[in-house]
Amino acid sequence: MTVVVLGSVNRDVVCEVPRLPAPGETVLAVGTRTNLGGKGSNQAVAAAKAGGRVEFVARIGAEPDPSLRKSLREFGVGLEAVCEVPGAHTGTAYITVASGENQIVVDPAANFQWETDPELDATAAARLITDADVVVAQLEVPVRVVDWAARRARRFILNAAPAAELPTDLLHRCDPLVVNETELATFTGATATTPPEAFDQARELCRSGVPAVVATLGAAGAVWVRRDGGTVVGAHQPAPRIHATDSTGAGDAFVGALATALARGDDLPAGVAFATAAAALAVQSPGTHTAYPDHEQITAALGTVPPAAQLP
Ligand code: RIB
């Protein structure tokens, strides 16, 4: 059950604030910290901690930073296809966190410096991607590279974060496409405010040719839809009631755990329930990698995940 994660690595500079600043407003932080993040590295660590055999494909800066590789390796993430880009620095994310909510600005740096497709075909990444049970990507690396990976994957999961317009052909390879409410709105043109609305929008995306869609809805859980013969089936997966202290990277915990579940053969409903348990645990501790639960913790928490509800 091999998972390949293609994506970003960032140094996260995190400021805890009493409330998120309005445009033009200055807010004093009550604490700051830096930790390793980036949606790619977060999902790689989440998938590895959830029990997957994980290889990571990424581009980092050329500055000496042994702690970066050491930290990912300690979580069990394979680094054969993590390459340094001469003259570039590792990406940085500037994050403000308040009462469980966050705002993030990313300087992508090395995350956007990749070889051409023919050059990529000659790298270890091409072999790892072709051999993997599941390949996962996000959009903090160029869409062109994501598309390159999708074309070579046996099963491809795209977490379309941050939101971007995507070629139809790429969307039609996503099994599933994973989005939050904001990202879902970029594909549908309308913001869903309830699980039934998100379900309707996800179903429309599915009918337009995306094989499967999962929309994460924060405290309201997630909805999933997939094509089943000539029809589209799906459900609302509620989340357990918990107190969230830091939602940063919660979506990454969800996607990483989902990838591991699908790679080991779970069907989509079981994978979404497993991922819901993982995300609920992740938001109860600050940070990302260290906040993510391991396989045993997720399995134990599955009992707190409410049963899924069929939607018409
Ligand atoms: O999804 C959370 C991540 O988004 C952070 O770790 C930050 O690096 C940004 O990429």
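Counting starts at 1 for both ligands and their atoms, in listed order. Any value given below was found using the heavy atoms of this structure, including those in side chains, with hydrogens, waters and symmetry copies removed.
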**Prompt:** Would you call G38 a ligand 1 contact, heavy-atom distance under 4.0 Å?
**Reply:** yes
**Message:** Is there a polar contact, in the sense of an N or O pair closer than 3.5 Å, between N10 and ligand 1?
**Reply:**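 By distance alone, the answer is yes.
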Under 4.0 Å from a heavy atom of [X]: which atoms of ligand 1 are those, numbered in the order shown and with their elements?
X    : answer
D252 : 1 (O), 2 (C), 3 (C)
I104 : 4 (O), 9 (C)
G37  : 6 (O), 8 (O)
G249 : 1 (O), 2 (C)
A93  : 7 (C), 8 (O)
E140 : 4 (O), 9 (C), 10 (O)

**Asked** Parallel under 30°, tilted from 30 to 60°, perpendicular over 60°: which one fits the rings of H289 and F75?
**Response** perpendicular
Among all protein heavy atoms in this structure, tell me which lies nearest to [atom], with the distance rounded to 0.1 Å.
atom                   : result
atom 3 (C) of ligand 1 : N42 ND2, 3.6 Å
atom 8 (O) of ligand 1 : D12 OD1, 2.5 Å
atom 4 (O) of ligand 1 : K39 NZ, 3.1 Å

Is [X] salt-bridged to [Y], going by a charged N under 4.0 Å from an acidic O?
X    : Y    : result
R19  : E101 : no
D175 : R226 : no
E84  : R69  : yes

**Test item: side-chain donor near acceptor, E181 and T191, under 3.5 Å** = no
**Request:** Consider only side-chain N and O atoms of T92 and D107, and report whether a donor and an acceptor are under 3.5 Å apart.
**Result:**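 Side chains of T92 and D107: no pair found under 3.5 Å.
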**Prompt:** Is there a side-chain contact between P240 and T276, using heavy atoms and a 4.5 Å cut-off?
**Reply:** yes
**Message:** So does G40 get a backbone contact from the side chain of S8, meaning a donor-acceptor N/O pair under 3.5 Å?
**Reply:**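 Side chain of S8 to backbone of G40, a donor-acceptor pair under 3.5 Å: yes, one is there.
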